[in-house]
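Take a look at the structure below.
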Amino acid sequence: MILLQSPSRFILQVLLNRVQNIDKGVELDCHSVEFDDVRYHIQVSTRYPQFMQLSMSLPTPPPETVFYDGLPFGAIEAIKATYGLIAQILDPPKDGYNLTMKLNLAKLPEDEEEEHALLVKVASLREVVLGAPLRVVLKHLASKTVAPGIDELVALVHRPKESFFLLPEADKVTIVFPMRFSDSTDTVLATSFLQFVEARRTAGLNNAPPCFWSPSPPPELEGVPTQALSANAGFVTFVIFPRHVEGRKLDRTVWSLSTFHAYVSYHVKCSEGFMHTRMRRRVESLIQTLDRAKPDSEGSNKTALSRSFKRLSVKDLRSSSNS
């Protein structure tokens, strides 16, 4: 199956083009929208071509989630640690956005590989911001501790007015996703797709995090408001252990969990498109079979027209009977 990529291809392409033409005074003002209603606004003025203003709007958080100054907890620290001196957080952000950063492209590393790696990180702003709370919890899991002040169920936003839940413990972190779909066909396909999580029992997936599906809320969500538990495709639970967040596994785990619903939605749509394609091909094949089964109407008319009939008299009938 295809995994979604962390860097925004649009932002990365804009950054690469801007770095290659930084001496040209070209004004830039463009917008971009990604899945789960994450929006970007990029601005560059001709007066200061080395500076780029990047604004990001996050999905509308539901009531059970907690934002600090419009951002998830740990996001400011994650931005400063990831981008260093090239990024300055502007306060307040641009109207209609949760975050606005001023990027100084003149401070990019001179080495091309390091420069490209940093631009990829800038294009991965979504993962840095939305994945910050999850990263904080999983970092402490790697050292088998619990983050201070996070010793109970935590709700994190990942879609407009929708959240998933973390239950951190010293030896594991339980993550529960209420699965919601607006389209009835998507709901049926997703439910069927998610019920195959029993494949975790196969030998090739012994090291993968345990995964469970249930049609009703699991016990970990006891006490959660009712409106947060309205899921028409059941609940998916992952159990993350320290071995799943060791070293470089941490980044992959954070991104995979942060975009799990989008990952399922993508493959549901792909499955739906595949089935539609197969149905169209089958219908076309049946139509061709019916066309081959039709009689040749034009030939039949010629045969009927070429026939001639002769009216027989009583004398002719007698002579034919005697003979």
Side-chain angles (χ1 to χ4, degrees), residues 6 36 58-59 61-83 98-99 121 124-159 162-179 197 200 205-214 216-229 231 235-263:
S6 174
D36 294 337
L58 301 178
E64 64 270 12
T65 59
V66 178
F67 271 27
Y68 299 93
D69 296 328
L71 295 172
F73 70 87
I76 298 296
E77 293 77 7
I79 293 171
K80 293 179 179 179
T82 303
Y83 303 126
N98 299 81
L99 171 69
K121 289 182 180 180
S124 304
L125 181 61
R126 174 200 182 102
E127 178 186 0
V128 173
V129 175
L130 284 178
L134 186 57
R135 184 180 298 275
V136 171
V137 173
L138 295 182
K139 268 189 175 181
H140 281 80
L141 175 64
S143 58
K144 297 184 179 180
T145 59
V146 178
I150 312 177
D151 55 353
E152 56 185 12
L153 194 67
V154 180
L156 302 181
V157 63
H158 67 134
R159 304 182 71 232
E162 293 184 17
S163 59
F164 66 99
F165 301 89
L166 307 181
L167 184 59
E169 300 177 46
D171 58 342
K172 66 179 181 180
V173 174
T174 304
I175 303 175
V176 183
F177 290 88
M179 305 301 295
V197 296
R200 69 185 185 280
L205 299 176
N206 285 337
N207 294 326
C211 181
F212 310 93
W213 178 86
S214 62
S216 58
E220 290 83 1
L221 298 185
E222 183 178 357
V224 174
T226 306
Q227 64 270 18
L229 301 178
F235 298 80
V236 178
T237 302
F238 292 97
V239 182
I240 308 299
F241 293 102
R243 68 175 183 272
H244 300 131
V245 293
E246 296 174 346
R248 296 183 177 180
K249 293 180 181 179
L250 177 62
D251 293 336
R252 183 174 58 184
T253 302
V254 169
W255 175 248
S256 298
L257 291 173
S258 300
T259 58
F260 174 71
H261 194 288
Y263 168 83

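We use all heavy atoms of the structure for the numbers below, so side chains are in, but hydrogens, waters and symmetry mates are not. Computed from a prediction, not measured in an experiment: that's the story for all the values here.
The closest side-chain heavy-atom distance from Leu99 to Ile79 is below 4.5 Å. Side chains of Asp171 and Pro242 form no contact here, defined as non-hydrogen atoms less than 4.5 Å apart. Residues Leu257 and Leu134 meet the side-chain proximity criterion, which asks for heavy atoms closer than 4.5 Å. By the 4.5 Å heavy-atom criterion applied to side chains, Leu58 and Val157 are not counted as neighbours. Phe212 has its side chain within reach of Val239: a pair of non-hydrogen atoms, C-beta onward, lies under 4.5 Å apart. The shortest distance between side-chain heavy atoms of Pro133 and Leu156 falls below 4.5 Å.
Although no hydrogens or angles enter the test, the distance criterion places a donor-acceptor pair under 3.5 Å between the side chain of Asn98 and the main chain of Gly70. Remark: the backbone N or O of Thr253 is not paired with any side-chain donor or acceptor of Ser256 at under 3.5 angstrom. A donor-acceptor contact shorter than 3.5 Å is absent between the side chain of Tyr68 and the backbone of Gly74. With Ser143 contributing its side chain and His140 its backbone, the two residues share a donor-acceptor pair below 3.5 Å.
To the nearest 0.5 Å, atom CD of residue Glu162 and atom CD of residue Glu64 are 9.5 Å apart.
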Subject >> Audit row: Val173, Val245, side-chain contact (heavy atoms from CB on, under 4.5 Å) steps and yes/no >> reply: CA-CA 11 Å; Val173 174; Val245 293; over 6 Å; no
Original post:
Between Met179 and Val236, is a side-chain contact (heavy atoms from CB on, under 4.5 Å) present by the stated rule, with each step listed?
Top reply: CA-CA 7 Å; Met179 305 301 295; Val236 178; 3.9 Å; yes
**OP:** Apply side-chain contact (heavy atoms from CB on, under 4.5 Å) to the pair Lys139 and Leu250, showing each step before the final yes or no.
**Re:** CA-CA 8 Å; Lys139 268 189 175 181; Leu250 177 62; 3.6 Å; yes
**OP:** Carefully, step by step, assess Thr65 and Ser163 under the rule side-chain contact (heavy atoms from CB on, under 4.5 Å).
**Re:** CA-CA 7 Å; Thr65 59; Ser163 59; 3.7 Å; yes
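In plain terms, the two heavy atoms of Val224 and Ala228 that are nearest each other are CG1-CB, 3.7 Å. Residues His244 and Pro210 share a closest heavy-atom pair of CE1-CD, 4.4 Å. Taking every heavy atom of both residues into account, Phe164 and Val176 meet most closely at CB-O, 3.4 Å. Residue Phe235 comes nearest to Leu229 through the heavy atom pair CZ-O, 3.4 Å, listed as atom of the first residue, atom of the second, then distance. Contact detail for Leu141 and Ile240: the closest heavy-atom pair is CD2-O, 3.4 Å. Here the closest non-hydrogen pair linking Ala75 and Leu71 is CB-CB, 4.0 Å.
Sequence neighbours left out, the pairs with a member in residues 244-254 that pass salt bridge (charged side-chain N to carboxylate O under 4.0 Å, His left out) are Arg135-Asp251.
Ring centroids of Phe260 and Phe238 are separated by less than 6.0 Å, placing the two rings close together.
Of the listed residues (Thr174, Ile175, Leu221), just one forms a side chain to side chain contact (heavy atoms under 4.5 Å, CB included) with Thr237, and that residue is Thr174. Among Arg126, His261, His158, the single residue meeting the side-chain hydrogen bond (donor to acceptor under 3.5 Å, both in side chains) criterion with Asp36 is Arg126.
Atom CD of Gln227 has more than 12 neighbouring heavy atoms from other residues, nucleotides or ligands inside a 6.0 Å radius.
Looking only at atom types and distance, the side chain of Glu127 has a donor-acceptor partner in the side chain of Ser6 under 3.5 Å away.
Residues satisfying the ring pair (Phe, Tyr, Trp, His ring centres under 6.0 Å) test with Phe165, not counting sequence neighbours, are none.
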